[in-house]
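Report on one structure; see the data block that follows.
Just so we're on the same page: letters track the sequence lines, and every chain starts at 1.
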Amino acid sequence: MTQDLYAHMREQVLIALRALVPDLPDDIAARVEVTPTRDPAHGDMATNAAMVSAKAARQAPAKIATGLVTYLGEADGVAEASAAGPGFVNMRLDPSAYRGLLPIILRAGEAYGDTATGAGIRVNVEYVSANPTGPMHIGHCRGAVVGDALANVLAKAGFEVTKEYYINDAGNQVTALAWAAYWRYLQAIGTPLSEEEFANEVPGGLQYRGEYLIPVGNALAAQHGTALANADLGIAAPDAWIDRVRDFTIDAMMKETHIDLAQLGVQQHVFSSERALVASGASDATIDRLAADGLIYEGVLEPPKGKTPDDWEPRPQTLFRSTQFGDDVDRPLRKSDGSNTYFANDIAYHADKLDRGYDILIDVLGADHGGYVARMRAAVKALSGGTKKFEAVLCQIVHIVRGGQPVRMSKRAGSYVTLSDLLDEVGKDAVRFTMLTRNADAQMEFDLDKALATTRENPVFYVQYAHARIRSVLRAAAEMLSPAAVADAALADANLDSLQAEPELALMRRLAAWPRTAEGAALAREPHRIAFFLYDLASDFHMLWNRGKDDATLRFLQKDRPEETLARLALVAATAVTIRSGLAVMGVTPVEEMR
RNA sequence: GCGCCCUUAGCUCAGUUGGAUAGAGCAACAGCCUUCUAAGCUGUGGGUCGGUGGUUCGAAUCCACCAGGGCGCGCCA
């Protein structure tokens, strides 16, 4: 039997259906599902097979259902099958079918739930990708966690996944950063220029005033002394120093970013630099490539209807025919002065990813980039001849609160809550888990108090507590029996016949749903489903545990009944394995005990 | 003005890609600690799934229109 009990039963249903409908079309077969029933009174699993095949079979759903019931009633592991409603076939599984799953889970370990759904499909997940202009903040954090968990769950579903970070180290933003670092440098060597005086000298003003650049200024002073501020090099002659200062500052910022990511438990495989990409001439090459396909022209865009910018004037630009691929308007690749737009660089970057052989490109972006998705999808379609897919996962804003009150901003960063502040406050695991307790495209409130609360209200705690309780039981069992006797491998051989109480079966049903849950989360690009699954799983476990409160004979460890004890240990050990499997996807470390 | 996302219990949110009588937590109410296991557990009440049409065996889910909220809208990244 496979790991996935639902997939196994679906095979049985298809065998039965093919017997009843000999020339069943493949596309109909593909629509056949076996799902958990919503109402336990309907049994354990239900299939829509009769309804979806009725038209092709030219028979009434009820008639096919009746035939399926006859077949499935005899099938391996099925205790009872019945037709219901408009043509559902409900199945009640023999408890032995669920029991048979426990050794499989115990032997699989954290690999339980792995599927081959995405086998052979190469996916690139790009996330975080912040401008290296300051410390990572709460907005980056959500993207980091969502992207990382998404990549993990895709890998669990068998996709070949690369985790990637795109360093936006080109353009005006990093030039402004260099100016700000230079200001801190002047302070470090004792400049008389005030903040306002300096800002007046800089094109675009002083944009990054946070204190985090003070160490950078000091480091520049230590390395260069006053050399960067000599009469011929000073503020009036930026060309002489700005490249050096910019590179130095970007390096310093990226070092910080790497530290933050490491503390968050994010390890990406590839870091791509926009600056390096531009320097290689990739942007122009990509524009040429599109031009060769006739997708580039010089033109003038209409102003947006209803809201014309104040300084609007029509100017000729190099435009990409994104409207041919579903976008609303054509998009500029070159500014009116002839230089490339960010979009042009980003197309080049995505072209680079395509050249590296990915089938699906997923960008995890902030919601403010929503308007960007259609044009990038158009570009990927154009570059790949429609054979490759671009997808975006948009993360809505996160508000940090404490006890319902907004949290003030960070002094160090100037205007926002930094990731490292958040990590100091609640720790990696609570941050990651909490970030995954909402659908990414819904706004969320992150309550610092609730993330640390030791109540059922806090899913992080509730799930960790379940795992800790199981580990505690297993430690006690090792004392009572022996460590070897309660190892997962030994428990996999236990006689499980005594497992038949409803709460035990409920827990086993939940365990059986893990592979399809992980697969569904991967296909829907919704890693938050893992958090909800684990919460439900923890709930089933706690319910079982609590039976022992009123009736001591229902506790897991029974000195005078070793066989029952081992069966119960196998069940809870398999639960712990499944919790670890889920937490691994989320990047959360399971705890051995609550302290 | 246009595009994208969102609207589910008093509150915060799920809802297994179109399935059966829409679910959790919190809050409210009623119970449970001399007990190996109360950071917890059991039970009760609470809904026009924003609205109106449509598609079909079946719609919270898909489509159209409307209302409310968020984000974005040439040479920023």
Side-chain angles (χ1 to χ4, degrees), chain A residues 6 31 33 35-39 41-42 46 48 51 54-55 60-62 84-88 90 129-131 133 168 170-174 274 300-309 312-319 327-343 345-346 366-374 392 394 396-397 437-439 441-445 447 450 453-459 461-462 465 469 472-473 476 513 516-517 519-521 523-524 526 528-529 531-533 535-536 539 542-543 545-550 552 554-557 594:
Chain A
Y6 287 88
R31 288 177 55 204
E33 291 183 323
T35 56
T37 56
R38 192 167 279 174
D39 185 344
H42 295 139
N48 60 354
M51 289 176 288
K55 204 170 279 181
F88 287 103
N90 294 322
S129 299
N131 287 322
T133 52
N168 290 134
N172 300 333
Q173 240 75 354
V174 288
E274 181 185 0
V300 178
L301 288 175
E302 295 290 313
K305 285 198 174 65
K307 192 200 170 188
T308 308
W312 177 273
E313 48 181 290
R315 287 173 183 151
Q317 296 175 283
T318 302
L319 299 171
D327 201 1
D328 297 323
V329 293
D330 292 337
R331 303 290 177 176
L333 298 182
R334 290 203 175 103
K335 306 172 193 174
S336 50
D337 68 3
S339 64
N340 292 340
T341 60
Y342 175 81
F343 181 49
N345 292 345
D346 213 19
D368 54 345
H369 289 69
Y372 190 71
V373 174
L394 298 180
Q396 292 286 344
I397 201 162
T437 54
R438 293 276 181 281
N439 195 330
D441 66 18
Q443 284 188 34
M444 83 178 291
E445 230 174 52
D447 194 312
K450 282 184 187 160
T454 52
T455 65
R456 177 170 190 162
E457 195 181 349
N458 177 10
F461 164 78
Y462 198 64
Y465 190 30
R469 272 182 161 171
S472 163
V473 168
R516 70 191 304 278
T517 300
E519 180 189 43
L523 293 176
E526 290 184 356
H528 74 283
R529 292 187 190 184
F532 283 92
F533 172 81
Y535 185 81
D536 290 340
S539 177
H542 286 305
M543 203 174 291
W545 167 283
N546 280 299
R547 290 201 315 157
K549 195 167 51 188
D550 297 325
L554 296 177
R555 295 182 184 181
F556 303 124
L557 303 181
M594 305 306 287

How many Å lie between [atom1] on [X] and [atom2] on [N], as a whole number?
X	N	atom1	atom2	answer
R334(A)	C75(B)	CZ	C1'	13 Å
F532(A)	G23(B)	CZ	P	17 Å
R529(A)	G23(B)	CZ	P	18 Å
E457(A)	A28(B)	CD	P	12 Å
K450(A)	A39(B)	NZ	P	21 Å
L554(A)	U42(B)	CG	P	14 Å

Original post:
Closer to the 5' end of RNA chain B via nearest nucleotide, is it H42(A) or Y535(A)?
Top reply: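 Its nucleotide being nearer the 5' end, the pick is H42(A).
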Subject >> N131(A) vs S539(A), nearer the 5' end of RNA chain B by closest nucleotide >> reply: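 Its nearest nucleotide being more 5', the pick is S539(A).
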Categorize [X] for me: base, sugar-phosphate, or nothing, with a 4.0 angstrom heavy-atom threshold over every strand shown.
X	answer
Y462(A)	sugar-phosphate
A84(A)	base
P86(A)	base
T455(A)	sugar-phosphate
P314(A)	base

Subject >> Salt-bridge contact E519(A)-R516(A) (side-chain N to carboxylate O under 4.0 Å) >> reply: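 Not counted as a salt bridge, because no side-chain N and carboxylate O are separated by less than 4.0 Å.
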Original post:
Do the charged groups of E33(A) and R31(A) touch, with an N to O distance under 4.0 Å?
Top reply: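 Looking at E33(A) and R31(A), the cut-off is not met.
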Original post:
Of the candidate nucleotides C75(B), C13(B), G19(B), which contains the atom at the shortest distance from the side chain of T341(A)?
Top reply: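 Closest nucleotide among those given: C75(B).
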Original post:
In this structure, which one of T133(A), D346(A), N131(A), V174(A) forms a side-chain contact (heavy atoms from CB on, under 4.5 Å) with N168(A)?
Top reply: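 Per the side-chain contact (heavy atoms from CB on, under 4.5 Å) rule, the option paired with N168(A) is N131(A), out of T133(A), D346(A), N131(A), V174(A).
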**OP:** Assess whether one donor atom and one acceptor atom, taken from the side chain of N90(A) and the base of A20(B), lie less than 3.5 Å apart.
**Re:**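 When only heavy-atom distances are counted, N90(A) does reach the base of A20(B) through a donor-acceptor pair under 3.5 Å.
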